[in-house]
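In the text below, chain A, chain B and the rest are named by the order of the sequence lines, each starting its count at 1.
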Protein chains: 2
Amino acid sequence: MTRIANTLGVSAATVSNALSGKGRVSAELTDRIRSIAAELGYVPSQAGRALRTGRSGVIGLVLPDISNPLFPQIAQAIEFAASSAGYGVLIADSRGDIAIQTRAIERLIERGVDGMVIVPRRGTRIADVGCPVAVVDTPSTPGNTVAADHWDGGRQIADHLVRLGHRHLLIIGNNPASNVQNDRVGGLRSALREDVCAETLWIERLEEVNGKGCSLGLAAKVAEGVTAFAAVSDLHALRALTELQRAGIHVPEQASVTGFDDLIWSPVVTPALTTVRMDMARIAAIAVEALVQAIGAEEPEHSSVGAPVSAPVSKVPMQLVVRQSTATPPTTATPPFVTQGEQP
Amino acid sequence: MTRIANTLGVSAATVSNALSGKGRVSAELTDRIRSIAAELGYVPSQAGRALRTGRSGVIGLVLPDISNPLFPQIAQAIEFAASSAGYGVLIADSRGDIAIQTRAIERLIERGVDGMVIVPRRGTRIADVGCPVAVVDTPSTPGNTVAADHWDGGRQIADHLVRLGHRHLLIIGNNPASNVQNDRVGGLRSALREDVCAETLWIERLEEVNGKGCSLGLAAKVAEGVTAFAAVSDLHALRALTELQRAGIHVPEQASVTGFDDLIWSPVVTPALTTVRMDMARIAAIAVEALVQAIGAEEPEHSSVGAPVSAPVSKVPMQLVVRQSTATPPTTATPPFVTQGEQP
DNA sequence: ATCGGATGATTAATCGATTAAGCAGCGGTA
DNA sequence: TACCGCTGCTTAATCGATTAATCATCCGAT
């Protein structure tokens, strides 16, 4: 504010220099300016600064569908990483629609974001936007900046189940068009030995035929010999768990169930879900760091304009969380029912 | 951009007038300016505009804890309402901590938001911030701007259960310090007739003693005669449902379970949860509208500065969603088990 | 005594859009 | 003919912060 300058009888430039510590200002005057600024409750106008510097200090967060249950984790992590780096986060929801996504990106640019973090919808390719972009999808996606190692997460789950003795799995996915889900399924399958049999069930396909919220027919699968259900998301794991329970099948004594993502309900359902967790904090930190760096390096107006951040592709490991929904498969006959099934 | 002005050999002011339709500009020139603007891919700088007009076109969304499973709905609805009104949404997470919440609000102000929507943490009173604020909590909270009619939602659930014939309820809440939860419980109790017995279980209290994720002891409650469990959130309903199923109690034949909020998993678990839904779209629309109006009316620098929006307190009705988790209570003896329990 | 250099502060231009005020033509009326 | 009023556009100031360029001192060294 010029008010600070007037109050002290100095020029606005001096105030700016004092507060930013850039120019040459005597220590004594700097102190006085600081105290007056505090006293007057001075808040620098981002608008003025943005206008002059060309940097708004805001990044956009583009999400495929906010209603995704994983979203809270993502948003929270990105918001934390961004605000630690001094950036604000502007959200944009594409509601699953590509046209809306494009429009949302445009609006973010109009708002003057310095860059954006995009979590693309099911393998959407992000067209060249006019600013630095960090893509969080899955390591196998071209152009991806950073993501959890979904493939290895799948491997860990499969490994866990095989070690417990399971030989007949049902993998439950939602939609094979999702890069993330495909990687998870790929990882699961990769860790199966030759003597392990695994089928895959895609929920959306089933629902196209039988309607939304239809039965997954899991009890029949158990009858066929399946002893473990590995879902590609905790949401589907939950669906599987309750369907099995409802059919009178005891989890984990008669069948094990695993999920992905460690969503909010995983620890509190009974039995608590064995799942695999992403380190969203780290993913967000890396994404934001890459973005901030790209924003900083954007200066040279020439060179490849608006190129996506081509930081070294980072995989962040996932962490297996073993809880009560997995156990040794039943031996031929149904084992005696134990009320509090614990992990061996 | 001045580039448009130069390209056509007119002044920047004319371009501004033409695009905003304010001043006096000939129709023909306006057209030419429009087309050149489109051709050059002109995007008005929000920074410049904000600096001049003092309006950033951005509102802040302050949330108690993004990891709340209800958050996606809120964020999506607010984002939609705001962007329909031409505003961007800057998010701020208070991570459940009041100090961080205060700091987050400060940061939003530094970023120059025109106003903010605050979903306060458990009845936190929002101190006087220096800009228009819309509070979304519950109608009984002083200073609340708009919210779902949680109380009536509770009434609807209780009414539904009583009509089915339940006479012994267990109400499951998390923390009695929450205004929202208290209203829901209050509504539930209000609709109970004199011959209906209801206890209340607060999860956080129980967990302080028995540790996180502990058993709620619901099977024992069933043995005591409870036939319906009314949770104050779908998350707790889910916890109750799985605990009951795990204990071999059939829902809804032996016990009914209800939730609140219609969260993402409610329709897909088995049995699908009977719950009550908020009209977040409407709540968000009202909140944003009130905010926008307050922002517009803020001009007169004098008068009550930065007073919270004191729009007429609005209650938005909640909608009962009856699914499969509620049914007539068992008659004295355990009824025959039916695999597909449907609503009568 | 004078000049070079360091120090501490000021001037002024700039970012991009908005907007009040001003100016030039043109047509119509008294 | 002279003046009013309208139209269409330009001038210029402004918002708040940043920053290169400039200026005024004062000190030490030659």
> Given C:dG8, D:dC9, D:dA13, which nucleotide is nearest the side-chain atoms of B:Arg52?
Replying inline: D:dA13
> Are the side chain of A:Asp97 and the backbone N or O of A:Ala99 linked by a donor-acceptor pair below 3.5 Å?
Replying inline: yes
>> What is the distance, to the nearest angstrom, from the CG atom on B:Leu8 to the P atom on D:dG8?
In response: 17 Å
>> For a quick test of reading the model: is some side-chain N or O of A:Thr14 closer than 4.0 Å to OP1 or OP2 of C:dA9?
In response: no
> Over how many whole Å does the gap from B:Tyr42 atom OH to C:dT18 atom C1' extend?
Replying inline: 10 Å
>> Would the distance check show the side chain of B:Arg111 and the main-chain N or O of A:Gly57 forming a donor-acceptor pair, the cut-off being under 3.5 Å?
In response: yes
>> Restricting to non-hydrogen atoms, name the atom on B:Ser56 and the atom on B:Asp114 that form the minimum distance, rounded to 0.1 Å.
In response: N-OD1, 2.9 Å
> Contact class for B:Val10 vs. all strands (heavy atom < 4.0 Å): base, sugar-phosphate, or nothing?
Replying inline: sugar-phosphate
> Please give, in whole Å, the distance from C:dT10 P to A:Ile4 CD1?
Replying inline: 14 Å
Are there any protein N/O atoms within less than 3.5 Å of an N/O atom in nucleotides 20-24 of chain D, and if so, which ones and at what distance?
none

> Want to settle it: does B:Lys22 or B:Leu51 sit nearer the 5' end of DNA chain C, counting the closest nucleotide to each?
Replying inline: B:Leu51
>> Would you say B:Ser16 places a side-chain N or O within less than 4.0 Å of OP1 or OP2 belonging to C:dT18?
In response: yes
>> Distance check needed: C:dA9 C1' versus A:Ile33 CD1, whole Å only.
In response: 10 Å
> Contact class for A:Ser26 (heavy atom, under 4.0 Å): base, sugar-phosphate, or nothing?
Replying inline: sugar-phosphate
Side-chain donor-acceptor contacts of residues 277-297 of chain B below 3.5 Å, not counting sequence neighbours, with atom names and distances?
from, atom 1, to, atom 2, distance (Å)
B:Arg277, NH1, B:Asp262, OD2, 2.8
B:Asp279, OD1, B:Arg282, N, 3.3

>> The criterion is side-chain hydrogen bond (donor to acceptor under 3.5 Å, both in side chains); which residues satisfy it with A:Thr30, sequence neighbours excluded?
In response: none
> How bent is the helix from C:dA1-D:dT30 to C:dA30-D:dT1, comparing axes over its five end pairs at each side, to the nearest 10°?
Replying inline: 70°
> OP1 or OP2 of D:dG16 less than 4.0 angstrom from a side-chain nitrogen or oxygen of A:Arg49, does that happen here?
Replying inline: no
> Which salt bridge (charged side-chain N to carboxylate O under 4.0 Å, His left out) pairs, counting each pair once, include a residue from residues 26-35 of chain A, with sequence neighbours left out?
Replying inline: A:Glu28-A:Arg32
> How would you label the contact of B:Gly9 with the nucleic acid (heavy atoms, under 4.0 Å): base, sugar-phosphate, or nothing?
Replying inline: sugar-phosphate
> When you measure from the side chain of A:Pro44, which nucleotide among D:dT10, D:dT18, D:dA17 comes out closest?
Replying inline: D:dA17
>> So A:Ser11, base contact, sugar-phosphate only, or nothing? Heavy-atom distance under 4.0 Å.
In response: base
> Can you list the residues that meet the side-chain hydrogen bond (donor to acceptor under 3.5 Å, both in side chains) rule with A:Ser16, with sequence neighbours excluded?
Replying inline: none
> What is the distance from atom CG of B:Leu51 to atom CZ of A:Arg52, rounded to the nearest 0.5 Å?
Replying inline: 12.5 Å
> Expressed in angstrom and rounded to an integer, what is the separation of B:Gln46 atom CD from C:dC15 atom C1'?
Replying inline: 15 Å
> Quick one: which of A:Ile105, A:Leu90, A:Ile59 gives a side-chain contact (heavy atoms from CB on, under 4.5 Å) with A:Val113?
Replying inline: A:Leu90
>> From CZ of A:Arg3 over to P of D:dC15, roughly how many Å is that when rounded to an integer?
In response: 14 Å
> Whole-Å distance between C:dT19 P and B:Arg55 CZ?
Replying inline: 12 Å
>> Could you report the tightest heavy-atom contact between B:Thr141 and B:Asp137, atom names first, then the distance?
In response: OG1-OD2, 3.0 Å
